S.K.: 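Sharing a structure below in structure tokens format, with a few things to ask.
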Amino acid sequence: MTSTPESPSSEMSETTSASSGDSGVRVVEAEHLLSLCGISKDFGPVQALRDVDLDVPVGQVTALIGDNGAGKTVLIKTISGIYPPSSGHIFWKGREIHPHTPRDSAELGIATVYQDLALCDNLDIVQNMYLGREETRFGQLDEIKMELATKELLKDLAVSTVKSVRQLVASLSGGQRQAIAVARAVMRDSELVIMDEPTAALGVSQTAQVLELVRQLASRGIAVILISHNLNDVFSVADRIAVLHLGYLVSQGPVSNYDRSSAVEMLTTGASSRVHPTPPLAG
Amino acid sequence: MSIPIEDQSAHRPDERPATSAATFLNQVKRMWQGESGLGPILFGLLALIIYFEVRSSVFLSAGNITNLFIQSTIFILLGMAEIWVLLMGDIDLSVGFSAGIGGAVAVILTSTQHNWPFWIALPLGLVACTLVSAVWGVMVIRLRLPSFIVTLAGQIGLAGVLLYLINSQGNSGGSLPVQEKVLYYLVWGNLTPVATWIVIMVSVVLLSWTILRSDQRRRTAGLDEKPLWLAFAKVGLLVVAGVLLALIFNTNRSTFTTLNGMPFAIPIDLGVLAGGTYILTKTRAGRYIYAIGGNVEAARRAGINVNRYRLLAFTLSGFTTGIAGLLYVSRLNGISTGIEGGTYVLYAVAAAVIGGTSLFGGRGKMIHAVIGGLVVATIGNGMALINVSASGLYIVTALVLLAAVTVDSVARRGNSTNR
Ligand SMILES: Nc1ncnc2c1ncn2[C@@H]1O[C@H](COP(=O)(O)OP(=O)(O)OP(=O)(O)O)[C@@H](O)[C@H]1O
Ligand SMILES: [Mg+2]
């Protein structure tokens, strides 16, 4: 930790004061569920994130876009407590937090669908859905309760291609696995759901379902961070866009500030000739 | 929550009504492949038994069967100890000598020289083994060393410690006798025939009750994909097996005096089996051990304190090793510097793998060590009866191990459900 605690707190007060009259180029939303201030992450010589500021408002879908290796996954893993940041501050509902483990972030109400899905192949669907927060009855696992709830949830999510919820995850198709990973994140009543390329392996109708689900989460007041390489998806569900380029957060703002070509330009070059919502910071 | 988008494929009924004959065949197939995954190996065990019975008429005598159970105890218990770590993808090469140390502690403390009461000495033997495994666990977890190397070093080191312990007892001549009755009776004591019936029937009733109750709970919850006859078939098998075992154990095994009843070693085995199975299947700890073995990163991201549960599994492995050690010294009526700790480890791993436990973590059950241990002991026992040399014994054991892994991997290819 190199930066002083004053800078983020003043940033926070600025945020709240600015919230009353939201005019100006950088639109500051009324409520930021999550705010990142000056987050950097080094892996030895590799600087994966450099001084990232990101605001995630309640009830909105924030799309995080960027080329391969831009640092999207590292950024969300920082939020989820997998990689503690090398420097910078994370604020949750205005209070600074230090998530050191995935459990810390889960307890705050952050659920994450990881790019590699993080499922246990040797466990069945129910066991994966409840992994880490099993229902118990007199100290014993309550398999029946978990199985019923899983069936119910999968039915609600229209994931009906799986034959049995007692099927091992190893036997599922890529899309089914992704559906299970998404369902697992949705199952807990979270306030922030982070999805790292949740539609990458999905067919057309399943993609539509996941995007619809994302919209539903947002309409219920849940904040969503969605990472996607598919700009069609991004422009169809996102309320806000944040662009990462080589570890820098080069731009963020309402989706109306962007169009497809400016977004493409920004994620490939790190700057746009047409839109400058926030200038990129120098390292 | 529901999603308005209609996916046509989503509402296709994926389970067509099947004829009852097809359901039956399907069930039989499932029992063979999945379920307990024990189909092939039980078949193999049966084949071995038939072969030895044909070659030697004493093989299936009550005396020899009881003997077989006693011989298998060490493989079963060390196999179960090994399964705790195998499930996480680790291995413990030191359990043989660790068991020796646990046994030696009990033998030494209860010797006439020290004269500690058995109820302190025996638990201290267990504590010794538990601590040993906990130390390996800490080294593997904290220092991130491979368990193979840590416990290989451990095996060598413990062999030295055991030698020191035995030789430290004055003029022992390399071996110490068991001088405490309770320790001796762990293996050589027998329940009375009446107690044998009671213990077996109580176990059968408890197990049947568990099976039927969980079946009934699933049924009332509307989760009845398995036919009712399956649960009753299991209970029927249990009752038959229980009655058979009781009759075998209660047959007089001696020509000079009366020697009958179930050896104490067997309820001890069953108790360890029940305890381990309970932890693995009914508790969070068990679930997390499987998860860690399946995908440690997924377990971590699910918020599981991976280190804690890995250490727990090592500790449980050590505790089980301790029980094996006590029964080992009891059966040999002492502990000697000639203990083949290294060989026992290999048989323990073989028992677990023959039973169906994976060496790569994430898959295995306590019952695997029981079946595998019985197979290993059956080969040894049967080959001795038909006068096959030691060289033949080793080669056949090796072949059975290979056959078991092969059958296992082939049979499991079609297996996809967990229940
Ligand atoms: N554990 C790690 N150790 C070292 N370097 C890492 C580690 N994780 C990520 N990096 C590096 O950080 C950079 C950003 O990686 P990240 O996975 O966040 O990319 P991404 O934006 O998610 O890309 P993609 O779209 O391909 O998923 C890459 O250069 C990567 O090599
Ligand atoms: Mg990524």
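Here the structure is a predicted model, which is why all the values come from computation and not from measurement. In what follows, every chain begins at residue 1, and chains take the letters A, B, ... in the order their sequences are listed.
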S.K.: Measure distances from A/Arg133 to the heavy atoms of chain B and classify the residue's part below 4.5 Å as side chain, backbone, both or neither.
M.R.: backbone
S.K.: Go through the steps to decide whether A/Asp142 and B/Lys282 satisfy the test salt bridge (Lys or Arg N to Asp or Glu O under 4.0 Å), and finish with yes or no.
M.R.: CA-CA 8 Å; A/Asp142 191 347; B/Lys282 301 279 185 228; over 6 Å; no
S.K.: Do you know which of A/Leu172, A/Leu148, A/Thr101 has the most heavy-atom pairs under 4.5 Å to chain B?
M.R.: A/Leu148
S.K.: Is the OH atom of B/Tyr278 crowded by more than 12 outside heavy atoms at less than 6.0 Å?
M.R.: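 It does: B/Tyr278 OH has more than 12 such atoms within range.
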S.K.: With heavy-atom distances below 4.5 Å as the criterion, would you say the side chains of B/Tyr288 and A/Glu134 are in contact?
M.R.: yes
S.K.: Test salt bridge (Lys or Arg N to Asp or Glu O under 4.0 Å) on A/Glu143 and B/Arg287; report intermediate values, then the result.
M.R.: CA-CA 11 Å; A/Glu143 298 289 352; B/Arg287 179 66 41 87; 2.6 Å; yes
S.K.: Which pair of non-hydrogen atoms, one from A/Leu131 and one from B/Ala291, has the smallest distance, and what is that distance?
M.R.: CD1-CB, 3.7 Å
S.K.: Show the nearest heavy-atom pair for residues A/Leu141 and B/Thr281, with the distance to one decimal.
M.R.: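 Closest heavy-atom pair between A/Leu141 and B/Thr281: CD1-O, 3.8 Å.
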S.K.: Would you mind checking which part of A/Ile82 comes under 4.5 Å of any heavy atom in chain B, side chain (CB onward), backbone (N, CA, C, O), both or neither?
M.R.: side chain
S.K.: Quick one: closest heavy-atom pair of B/Ala298 and A/Cys120, and the distance?
M.R.: CB-SG, 4.0 Å
S.K.: Verify the neighbour count for atom OH of B/Tyr309: are there more than 12 heavy atoms of other residues, nucleotides or ligands below 6.0 Å?
M.R.: yes
S.K.: Decide yes or no for A/Lys77 and B/Arg301: does some side-chain heavy atom of the first lie under 4.5 Å from some side-chain heavy atom of the second?
M.R.: yes
S.K.: Against chain B, label A/Lys145 side chain, backbone, both or neither, depending on which of its atoms sit under 4.5 Å from a heavy atom there.
M.R.: neither
S.K.: With sequence neighbours left out, what residues match B/Leu316 under side-chain contact (heavy atoms from CB on, under 4.5 Å)?
M.R.: B/Trp84, B/Ile279, B/Leu312
S.K.: With a strict 4.5 Å heavy-atom criterion, list every residue of residues 107-118 of chain A that contacts chain B, or say none.
M.R.: A/Tyr114, A/Asp116, A/Ala118
S.K.: Please test A/Lys151 against B/Leu223 for side-chain contact (heavy atoms from CB on, under 4.5 Å), starting from the C-alpha separation and ending with a verdict.
M.R.: CA-CA 10 Å; A/Lys151 278 189 155 172; B/Leu223 300 169; 3.4 Å; yes
S.K.: Answer yes or no: are there more than 12 heavy-atom neighbours, outside B/Phe232 itself, under 6.0 Å from its atom CZ?
M.R.: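 For B/Phe232, atom CZ is not crowded (no more than 12 foreign heavy atoms under 6.0 Å).
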S.K.: A/Leu123 and B/Tyr290: which non-hydrogen atoms are nearest, and at how many Å?
M.R.: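 Heavy atoms of A/Leu123 and B/Tyr290 come nearest at CD2-CB, 3.8 Å.
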S.K.: What's the spacing between B/Ser358 OG and A/Asn122 CG if we round to 0.5 Å?
M.R.: 9.0 Å
S.K.: Is the side chain of A/Asp121 donor-acceptor paired with the backbone N or O of B/Asn295 at a distance under 3.5 Å, no angle test?
M.R.: no
